[in-house]
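Let me begin by presenting the structure, written as structure tokens, before commenting on it.
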2 protein chains.
Amino acid sequence: MDDNRRHLLAKVAYLYYIQGRTQSQIATELNIYRTTISRMLQQARQQHIVTIQIEDFNPQLFNLEEKLKQRFNLKNAIIVPSDRVANNQQKNAALSKAAALYLKQIIKPHDTVGFAWGLVLAGMVGQLQHPTQTDATFVPLVGGPSPSNSQYHVNGIVYDAARQFGGHSLFVDAAAVQESKLIRDGIIGAKYFYEIKRRWQQLDIAFVGIGGPLSSKSSRWRDLLTDQDRQLLKEREAIGDCCCTFFDRHGKILNGDLSDRTIAIPLPHLQRVPNTVGVARSLTKVPSITATLKMGLLNTLITDEETAKQIMDAQ
Amino acid sequence: MDDNRRHLLAKVAYLYYIQGRTQSQIATELNIYRTTISRMLQQARQQHIVTIQIEDFNPQLFNLEEKLKQRFNLKNAIIVPSDRVANNQQKNAALSKAAALYLKQIIKPHDTVGFAWGLVLAGMVGQLQHPTQTDATFVPLVGGPSPSNSQYHVNGIVYDAARQFGGHSLFVDAAAVQESKLIRDGIIGAKYFYEIKRRWQQLDIAFVGIGGPLSSKSSRWRDLLTDQDRQLLKEREAIGDCCCTFFDRHGKILNGDLSDRTIAIPLPHLQRVPNTVGVARSLTKVPSITATLKMGLLNTLITDEETAKQIMDAQ
DNA sequence: TTAATAATTGCACAAATGTGTCTAAAAAGG
DNA sequence: CCTTTTTAGACACATTTGTGCAATTATTAA
């Protein structure tokens, strides 16, 4: 590569990229054939005589998204950059905002949108300045919390979402975990529950959180579990839950007495939903998020950088 | 400009410029209309989210070339970067090389190429590794030096050029300045000079140097001038010469006894040559180069950065 | 909230760019 | 110096990109 050639390539690149002339113009001016100019530009890029930089964009984050998508066969992955100095609350808020933005992006006028429990899901409400006005239906995917936790009711989430997006919402008037299979079956067999179940069959979008290990204290609904439940889950090596349904690290759903007493959309159901969006972050949740992904329940994951890195590194 | 929008633009720019995907692909992937992608890229460039840098290229030099071209109605201008630590010899060598490269670039198989005096012109010879093989004719545009300076004869330049480019050359067997108009007329009226004059009429390319003030010592041919010549030129405020013809700072050609005794192509002749290339540098020559440009004799100038800057600043 | 203002979509068409192939010319190497 | 290997020219054609415009949809401000 001659020095004059480098200079010529640089000049052509300058005229094209900086001055914005067309290749034809440059060709005429320099008495070089147009197609040659085209090839010269290729070469100039190859040899890094032309350098294109993009601000406000982290290619590593993008690559991480791509890898996640590929590894777990996802339709989409959204990774929020991790701010090293932020506390957990701020990190969760950032995730909530990203989730809200994504919902706004994908929602269509007459969609049916399901929500499960989740601190981050609850945080989504109120994050949007000008939500798209729709006529969508918002439906809980699980039962509610214990009476002492009523302000965090999943019904509250769908109600607020409906208000924001101009649609309407359905309620579940029962706690997520009942005392016996008999009662549970009674509730979900009752007439008023038909509409919920019907909606579960025709979800367009489902937003679900992912719960971490049992030892974690942050759950809003697990006070419904009995000591015996906890004991059993521990024995069967539960590492987390999604829609109030527990599974182990291999992604095996832990059916049994507890699941028989639980009011929630059956997890395999989620696979048929066009947009199943999991929203979760934090290092303690890495195993449960990974297991969920392995189960193939989700086709979109919204998480943060540090969590995503751990998920990929754990492979 | 929203933060999310910036990020979106950055992502689109990344996919397009770095990953090399087409706008259609990006549109499909992000569910955005293709033309919107096109407009997003425009915006990303405008807002400097995308930055394109070009190495080995000095935009200032380029702008200087453009300004020179525009100011003096030139077809071309070539400016060699000035190396602050180079001495005059090195600077002249760099200019010679650029001139040689340019000749190689524009010469065509059967061209007639004229050369005048000039240290830089003389330096052109031997600068090319693989000169284009032509069948061109090389012809002197002026007479030779005094006998004491015979190794710098203009005939030597054309002879060497012809050897390099595979063509042939014509000679002038007379000094540039004769003792009287009578002798001069005799020489240029002689039969053997017909061919030269004929060639002067059909030049395709002319390379000419530009001489600086009389006080300057670097000239190779001015020892032919008499004391009286010098006195007269001083009175008439000569600031330089081109092809052994002097002019003042306004570009007025100083006709008279001296010019009547000079064997050289008449300067106005140069205007009809398709490529008239002036090659000169140094700060002392700025006034004479400027005057030459104002006369409109040249359509191409090859000089260096420091000289070019002075020429433009002097305006 | 509504009205005004701005931005995006969707489309048709024009312009610009890229690529394969062949020929001609130029560098490189012996 | 001649031969081999690279590079550029020239062209046809396919692909990609840009632009004006009308209709729609967001966003802002009152």
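Chain identifiers are assigned alphabetically (A, B, ...) following the order of the sequence lines, protein sequences preceding nucleic acid strands; residue numbering begins at 1 within each chain.
Between Lys108(A) atom NZ and dA26(D) atom P the separation is 13 Å, expressed in whole Å. In this structure, CG of Asp135(B) is placed 17 Å from C1' of dA25(C), rounded to the nearest angstrom. Going from atom CG of Leu101(A) over to atom P of dT27(D) covers 10 Å, rounded to whole Å. Protein atom CD1 of Ile32(A) is 12 Å distant from nucleotide atom P of dA10(D), rounded to whole Å. If you measure from atom CD of Gln43(B) to atom C1' of dT8(C), you get 12 Å, rounded to the nearest angstrom. Residue Gln23(B) contributes atom CD, which lies 15 Å from atom P of dA16(C) at whole-angstrom precision. Rounded to a whole Å, the CZ atom of Phe165(B) is 14 Å from the C1' atom of dA26(C). Atom C1' of nucleotide dA8(D) and atom CG of Leu30(A) are separated by 14 Å, given to the nearest angstrom.
Around atom OH of Tyr159(A), no more than 12 heavy atoms belonging to other residues, nucleotides or ligands sit under 6.0 Å away.
Using a 4.0 Å heavy-atom cutoff across all strands shown, Leu41(A) reaches no nucleic acid atom at all.
Ion pairing between Lys69(A) and Glu65(A) fails under the 4.0 Å rule for side-chain N and carboxylate O.
Dashed line: the shortest gap from a side-chain N or O of Thr36(A) to OP1 or OP2 of dG9(D) is under 4.0 Å. Between dT17(C) and Ser38(A), no contact under 4.0 Å exists linking OP1 or OP2 to a side-chain N or O.
A donor and an acceptor atom never sit less than 3.5 Å apart when one is taken from the side chain of Arg45(A) and the other from the base of dG18(C). Contact annotation: side chain of Arg34(A) to base of dG18(C), donor-acceptor pair present below 3.5 Å.
Between Lys104(B) and Arg21(A), the residue anchored nearer the 5' end of DNA chain C, judged by the nucleotide with its closest heavy atom, is Arg21(A). Positionally, the nearest nucleotide of DNA chain D for Met40(A) lies more toward the 5' end than for the other of Ile37(B) and Met40(A). In this structure, Arg39(A) and Tyr16(A) both approach DNA chain C, and ranking their closest nucleotides by distance from the 5' end singles out Tyr16(A). Summary of the strand contacts: Thr35(A) and Thr22(B) both lie near DNA chain D, and taking for each the nucleotide with the nearest heavy atom, the more 5' one is attributed to Thr35(A).
Across all non-hydrogen atoms, the minimal contact from Ile302(A) to Ala98(A) is CG2-CB, 4.3 Å. The heavy-atom pair separating Ile107(A) from Ala136(A) by the smallest distance is CD1-CB, 4.1 Å.
Side-chain N or O atoms of Ser169(A) include none that pairs as donor or acceptor with a backbone N or O of Ala162(A) at under 3.5 Å.
Out of dG10(C), dT19(C), dA10(D), the shortest distance to the side chain of Gln42(A) is found at dT19(C).
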